[in-house]
Protein chains: 2
Amino acid sequence: MSGAFLALDWCTTNRRVYRIVDGVVAATERDAKGVTATKDFPAELAMIRERFGDLPVLMAGMVGSTIGWREAAYVPAPAGLAALGDRLLRIDDRTAIVPGVSYRDDRRADVMRGEEVQLLGAIAAAMAPADAMLVQPGTHCKWVEMRGGEIARFTTAMTGELFALLRHHGILAAQLGAEVTAGPAFLEGVRDGAARDLAASLFGIRAAKLLGLRDDADAASFASGVLIGSDVAARIAATDFDHAHILADPQLGTLYVAAIEAQGRSATLVDSHAAFVAGITRLGDFLP
Amino acid sequence: MSGAFLALDWCTTNRRVYRIVDGVVAATERDAKGVTATKDFPAELAMIRERFGDLPVLMAGMVGSTIGWREAAYVPAPAGLAALGDRLLRIDDRTAIVPGVSYRDDRRADVMRGEEVQLLGAIAAAMAPADAMLVQPGTHCKWVEMRGGEIARFTTAMTGELFALLRHHGILAAQLGAEVTAGPAFLEGVRDGAARDLAASLFGIRAAKLLGLRDDADAASFASGVLIGSDVAARIAATDFDHAHILADPQLGTLYVAAIEAQGRSATLVDSHAAFVAGITRLGDFLP
């Protein structure tokens with residue numbers, strides 16, 4: 001968007017505000033005022049405009065969900081910038097929400113909300129080619145096939161959530177406290193995970209402890225490797241792409257690169273923050 | 001064992017006491033005084049002898065673990081009645097604990113403690129042939145290949161634990177409250193689970209809700225189907241056995257029979273209670 005506007009990446013537990021001027025971030029701030037911590041959305045937005053400038057506002061993320069300000073209906077894939085820009089949910093004549101994207105085929109269904117901005121931004125800014133596999137690791141990891149610059153099909157795996165459940169509850173919790181690193185134990189887990197026999201591989205962590213076969217300092221890395229390795233194996237089996245572009249912070253992104261390389265494909269990291277700015281700036285052109 | 005003795009199936013959270021006379025149960029009682037609820041094992045056992053008779057005692061289960069009375073070292077598979085009987089952990093000259101069984105190959109390791117009595121009992125009582133696949137569903141589901149009447153190799157899948165984690169914590173919890181039945185939603189889950197893409201199939205439950213594709217009344221059955229179907233598919237891929245003997249209560253056992261049949265093999269239910277009595281009676285012969 002030429003000129004200036006405010007962009008909000010308003011997620012479940014966090015929120016990031018940007019003042020973007022001619023496609024460049026002039027100011028940004030992140031806080032914990034996510035959707036679940038917000039009661040009065042109009043009042044919150046008024047405060048943001050007081051602090052960042054009385055400008056047009058474009059929001060993305062869970063703010064457009066049933067637990068957010070107002071529900072923005074999913075746009076079915078394939079979906080590109082134009083499809084999303086045409087379907088902005090307009091709160092008023094200078095305030096709008098980016099819709100999420102849904103996917104269906106005869107076998108399965110999937111949804112995203114918030115990730116679409118990064119994905120389309122990464123292509124628009126030539127951080128990845130128009131036909132590419134993009135990956136957004138996290139609590140719910142998105143694996144997205146982009147075709148002709150559009151979101152063509154995608155699969156969400158609750159890999160990060162399963163790891164969190166195992167780490168905080170259940171029989172393995174006491175073993176999984178250590179930090180995860182992309183070392184030998186992680187790669188051993190990736191190999192094990194490639195068999196896609198998750199429930200058995202995870203019990204193996206317990207058995208290894210009882211038989212004294214693995215130090216608990218390595219158990220968290222092994223478990224993470226099993227989960228990510230299983231996810232990678234399932235996705236590789238379902239795609240023709242040999243290369244993946246990972247939109248993630250370097251710590252988590254490095255684990256995915258290691259797991260993908262261990263299974264014979266290649267991967268590179270993309271700056272997810274810059275991708276968001278590129279995407280929301282293009283979508284800002286659809287504001288009045 | 002000819003004559004009379006007391007058998008205890010002493011698990012983590014529950015305990016069952018039997019007075020067995022000439023291989024027949026003369027009295028039995030189940031309570032919640034599992035290993036974790038027990039501080040003074042000798043005093044507990046003295047009370048049991050007061051109530052059930054001052055007889056020799058043979059115990060199995062977590063009572064022989066590091067959180068139990070005393071640790072009975074695992075006997076490596078292959079292991080049959082003689083191997084376990086010869087390695088009873090003797091507390092005194094008329095009190096002993098049955099050891100668990102461990103398994104190792106060049107790829108993985110596994111353990112059981114308590115299940116071995118049912119397994120060997122089922123074969124000894126001719127409830128299953130000496131070469132057979134036996135399955136013990138539950139929190140940690142055991143899949144056991146019996147060869148020549150011995151426990152030859154086995155795999156534990158934490159299928160039941162994963163279901164409990166999803167049901168009580170995390171993003172799917174609110175959807176998974178309903179009872180699980182072996183109906184169409186369960187079988188749909190089994191088909192989905194056969195792809196062994198667990199983390200993605202589970203997120204599909206969330207997506208189906210957001211897109212209005214499945215009633216939450218069916219979500220628990222679908223999720224159970226995905227988990228059990230994934231477990232069955234992994235085990236079928238790793239064994240030559242066409243038939244499985246399921247040692248479980250009828251409710252859970254029926255789910256496993258349905259999932260195994262849906263994936264083109266056959267299965268029948270075996271009375272796990274009778275199998276335990278048969279096994280512990282044979283092992284009772286090794287008491288003095």
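Residue numbering restarts at 1 for every chain, and letters A, B, ... go by the order of the sequence lines. FYI, side chains are in, hydrogens and waters are out, and symmetry mates aren't considered; it's all heavy atoms of this structure. Model, not experiment: these values are computed from the prediction.
Residue-environment remark: CZ (R265(A)) exceeds the threshold of 12 foreign heavy atoms within 6.0 Å. Few gaps surround CG on D105(B); more than 12 heavy atoms of other groups in view lie less than 6.0 Å from it.
Of the two parts of H140(A), only the side chain, counted from C-beta on, holds a non-hydrogen atom closer than 4.5 Å to a non-hydrogen atom of chain B. Contacts of R191(A) with chain B are absent, with no heavy-atom separation under 4.5 Å from either backbone or side chain. Both the backbone and the side chain of L202(A) come within contact range of chain B, judged by heavy atoms closer than 4.5 Å. Looking at R196(B), the atoms closer than 4.5 Å to chain A (heavy atoms on both sides) sit in the backbone and in the side chain alike. For I171(A), the parts lying under 4.5 angstrom from a heavy atom of chain B are both the backbone and the side chain. In this structure, the portions of D110(A) lying under 4.5 Å from any heavy atom of chain B include both its backbone and its side chain.
Between V232(B) and W143(B), the closest side-chain pair of non-hydrogen atoms falls below 4.5 Å. Annotation: side chain of R15(B) is not in contact with side chain of D9(B) (no heavy-atom distance under 4.5 Å). You'll find the side chain of S230(B) stays beyond 4.5 Å of the side chain of L198(A), heavy atoms only. Between L255(A) and S224(A) the shortest side-chain heavy-atom distance falls below 4.5 Å. The side-chain heavy atoms of L119(A) and Q136(A), taken from C-beta on, include a pair separated by under 4.5 Å. Between L84(A) and V117(A), the closest side-chain pair of non-hydrogen atoms is not below 4.5 Å. Under the 4.5 Å side-chain criterion, counting only non-hydrogen atoms from C-beta, I151(B) is in contact with M146(B). Under the 4.5 Å side-chain criterion, counting only non-hydrogen atoms from C-beta, T12(A) is not in contact with V35(A).
Residues from residues 152-167 of chain B that place a non-hydrogen atom less than 4.5 Å from a non-hydrogen atom of chain A comprise T155(B), T156(B), A157(B), M158(B), T159(B), E161(B), L162(B), L165(B), L166(B), given in numerical order. Listed in order of number, the residues of residues 61-78 of chain B that approach chain A to under 4.5 Å between heavy atoms are Y74(B).
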What side-chain donor-acceptor pairs closer than 3.5 Å can you find for residues 204-216 of chain B, not counting sequence neighbours?
unit_1, atom_1, unit_2, atom_2, d
K209(B), NZ, D216(B), OD2, 2.9
R214(B), NH2, E188(B), OE2, 3.3
D215(B), OD1, A217(B), N, 2.8
D216(B), OD1, Q175(B), NE2, 3.0

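Sorted by first then second residue, the ring-ring contact (aromatic ring centres under 6.0 Å, His included) pairs that include residues 214-248 of chain B, not counting sequence neighbours, are H243(B)-H245(B).
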